[in-house]
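These notes concern the structure reproduced below.
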Amino acid sequence: MTNRLGAATSPYLLQHRDNPVDWQEWGPEAFEEARRRNVPVLLSVGYAACHWCHVMAHESFEDDEVAAALNAHFVSVKVDREERPDIDAVYMSAVTATTGHGGWPMTVFLTPEGDPFYAGTYFPREHFLQVLTALDDAWRTREAEVRQSGRHIATALCDALAPPPAATVDTTALDRAVTTLASQFDSRAGGFGRAPKFPPSMVLEFLLRHHARSGDDLSARMADRTLEAMARSGMYDQLAGGFARYSVDADWVVPHFEKMLYDNALLLRAYTSWWRATGSALAHRVVEELAEFVLRDLSTAEGGFASSLDADAAGVEGLTYAWTPAQLEQVLGASEGARAAELLVVTDAGTFEHGASTLQLPVDPDDRAWFDAVRQRLVAARATRPQPGRDDKVVTSWNGLTIAALAGAGAVLGRDEWVTAAERCASHVLAVHVVDGRLRRASRSGVVGRAEAVADDYGNLAEGLLALHQATGDARWLREAEGLLHPAVDRFGADDGGFHDTADDAETLYLRPRSAADNAEPSGQSALAGALVTLGALTGDTSVIDRGRRATEAGLGLAARDPRFAGWSLAVAEAIAAGPVQVAVVGEGPQADELLSTARRSTSPGAVVVAGSPDADGIPLLANRPLVQGSPAAYVCHGFVCDLPVTTVRDLEAALARA
């Protein structure tokens, strides 16, 4: 019998609609029922691609005995963390504060008023039953004590989670961040820290920008080593492109196999920056494969991009992706199978589980044509295996990251079809996710969800639209970005110049979430800061850049302590330190195309580039930028002070170097 999740738009919630647990969605009705029955609330938070969420679901939430205990003594609420990052953030703070670690599934018990009094992550079935019995007994016999504990936790967390002090954007602070990162750098395997190891996409963007501005070799070496190591690793799908969520080991051999849209969008942007800086053939290949992976495997019929591919297939983690030598030989024959096994590090002992191996590519093949043919045959064979599920909801923030990545990569590499896909996505998100002038968080199959957008939705979507404006020269995307950012500044703004995660009129939780940390994706604060800096550079509005600077400074206090968790704030700070550098290319034809291509290859962290006809309507950078004696020209401005126009690639390169 279907529970109350049957009408949900979230694929994660729909995975639980046939559980015997009487789940319901987060909302006032659930807490009203808890007050009426005078029972605690079980809050269970996860997401569709989460392996351990599936494990706990199979062990406990599909179990009749567990369901009976929950239905009798609790109100059970299921939340998709990707739809409601605000709920996830505030209650994850309780989990980490009381247990010392976090993760999903997140399991929190609340008073009917929403105060957390007991928290954890994954519980095995027998342990979970013991917890349910103990908490039910505590509530029935010591209710006042439990309520007092919950109120104490909530109050303490509100006091403890104040943002760190602001720090000034200056080159000394940026240099110190590089030095701190170097002390945490794994010089052998790349990346930072020990296992599990996550792709540090925003930190890599910062390091590449720092090198471009300062010429620092250390930052370049750390970026180069990490980007190459990840591209050759088992975390990267060597057959069909796409990065898994993270590596469970320090050497990038065994991934946690889920593939997230936000990871691949951010990494597409980082590898594009790497190619722009180095011209690396490996970088170029990964950019092409990543873009094709996103377009092939994550596109939705409506034009948006799906959230993720599952870690599991047929209930087994990694089943789709791992290989044994015998399986390679079965597809390729004995000789070619053995050759492929050696190249891809598929061993008799296995590098993963049950004698199977993930695929790595530590060196390039001697015969690229042979390897491309092998890949095609293995991809075809892999398609006959069980495939991972897909969470096809369209999240505003992550689609904004993807628009920025596809538009930027498409413009730099001359792949118009990627830019077209970014335009289609932007049109879809704006048409479906803007309701009564305000953004919503997510949709599925063209139906928008109820959850209001949070700060990173506004910031990342605006950043994507500004990248699209630069890639196409279409004034519409600049207007749309302005229309998002100006209201967001008012609705999300904090007293210190930073931004809260939720709007000033959002649903009241036990605390108003605000994170300065860039974890798997930019925080709302750094996302809005970066978009404001870009918008100011494109419009010439110094007050907008100043607002972005203040928001960046509000996030840089964390960078002084641990720059690994301030990657996007640091990247935006580099753009402020180096810019704005504005390049306007006017005119048409091959000469204009060459000038534009050169401008887009600039590695300046603060550069924005727009091309079009002189004085094109609605594009400030093209105003008062005439042709030079009837020929196309490029105008380079630094801090809104412009050089004389140039008409040759050589002169443009020199002007960009000076800027």
Side-chain angles (χ1 to χ4, degrees), residues 171 208-217 220 272-280 283-284 287 407-416 419 466-467 469-475 478 533-534 536-540 542 545 574-659:
T171 57
L208 290 168
R209 291 184 180 194
H210 185 77
H211 171 69
R213 179 184 59 79
S214 69
D216 172 61
D217 287 336
T272 301
S273 296
W274 191 37
W275 179 78
R276 188 189 285 117
T278 65
S280 160
H284 192 282
V287 168
V412 171
L413 269 65
R415 298 295 293 269
D416 293 343
V419 178
L466 295 172
H469 168 63
Q470 294 177 75
T472 64
D474 189 338
L478 181 63
V533 170
T534 304
L538 287 165
T539 60
T542 56
I545 292 180
E574 285 289 349
I576 294 170
V581 176
Q582 303 156 303
V583 185
V585 177
V586 292
E588 298 178 350
Q591 183 181 348
D593 293 343
E594 289 180 2
L595 292 170
L596 180 58
S597 178
T598 300
R600 286 173 171 167
R601 285 289 302 270
S602 170
T603 58
S604 172
V608 294
V609 180
V610 173
S613 301
D615 297 309
D617 187 42
I619 305 180
L621 284 190
L622 299 181
N624 301 312
R625 303 280 190 261
L627 302 176
V628 174
Q629 296 180 345
S631 296
Y635 293 78
V636 178
C637 312
H638 186 266
F640 309 111
V641 177
C642 301
D643 292 342
L644 293 172
V646 297
T647 58
T648 69
V649 166
R650 177 178 296 180
D651 288 343
L652 177 56
E653 289 173 340
L656 289 169
R658 289 193 301 273

>> With disulfide bond (SG atoms under 2.5 Å apart) as the rule and sequence neighbours excluded, what pairs involving residues 596-639 come up?
In response: Cys637-Cys642

Is the backbone N or O of [Y] less than 3.5 Å from a side-chain atom of [X], with the two atoms forming a donor-acceptor pair by type?
X      : Y      : answer
Asp216 : His211 : no
Ser597 : Asp593 : no
Gln591 : Thr647 : yes
Ser613 : Ala616 : no
His638 : Ala578 : yes

> What do the steps show when you test Leu656 against Arg601 for side-chain contact (heavy atoms from CB on, under 4.5 Å), and what is the final call?
Replying inline: CA-CA 10 Å; Leu656 289 169; Arg601 285 289 302 270; over 6 Å; no

Taking all non-hydrogen atoms of both residues into account, name the closest pair between [X] and [Y] and its distance.
X      : Y      : result
Ala409 : Thr272 : CB-OG1, 3.5 Å
Val610 : Gln470 : CG2-CG, 4.3 Å
Gly587 : Leu627 : CA-CD2, 3.7 Å
Ser280 : Trp275 : O-CD1, 3.3 Å

Distance from [X] atom [atom1] to [Y] atom [atom2], nearest 0.5 Å?
X      : Y      : atom1 : atom2 : answer
Leu622 : Tyr635 : CG    : OH    : 10.5 Å
Thr472 : Asp416 : OG1   : CG    : 11.0 Å
Ile619 : Leu538 : CD1   : CG    : 10.0 Å
Leu621 : Thr539 : CG    : OG1   : 8.0 Å
Thr534 : Leu478 : OG1   : CG    : 11.0 Å

> With sequence neighbours left out, what residues match Arg600 under salt bridge (charged side-chain N to carboxylate O under 4.0 Å, His left out)?
Replying inline: none

> Heavy-atom distance under 4.5 Å between the side chains of Ile545 and Pro580, does that happen here?
Replying inline: yes

> Can you tell if the side chain of Asn624 reaches within under 4.5 Å of the side chain of Asp615, non-hydrogen atoms only?
Replying inline: yes

> Does the side-chain contact (heavy atoms from CB on, under 4.5 Å) test come out yes or no for Arg213 and Thr171, once each step is laid out?
Replying inline: CA-CA 10 Å; Arg213 179 184 59 79; Thr171 57; 3.3 Å; yes

> Do Thr603 and Leu208 pass the side-chain contact (heavy atoms from CB on, under 4.5 Å) test, and can you show the C-alpha distance, the side-chain angles, and the key distance before you say yes or no?
Replying inline: CA-CA 8 Å; Thr603 58; Leu208 290 168; over 6 Å; no

>> Under the criterion side-chain contact (heavy atoms from CB on, under 4.5 Å), I'd like the reasoning laid out for Val287 against Trp274: C-alpha separation, chi angles, the key distance, then a yes or no.
In response: CA-CA 10 Å; Val287 168; Trp274 191 37; over 6 Å; no

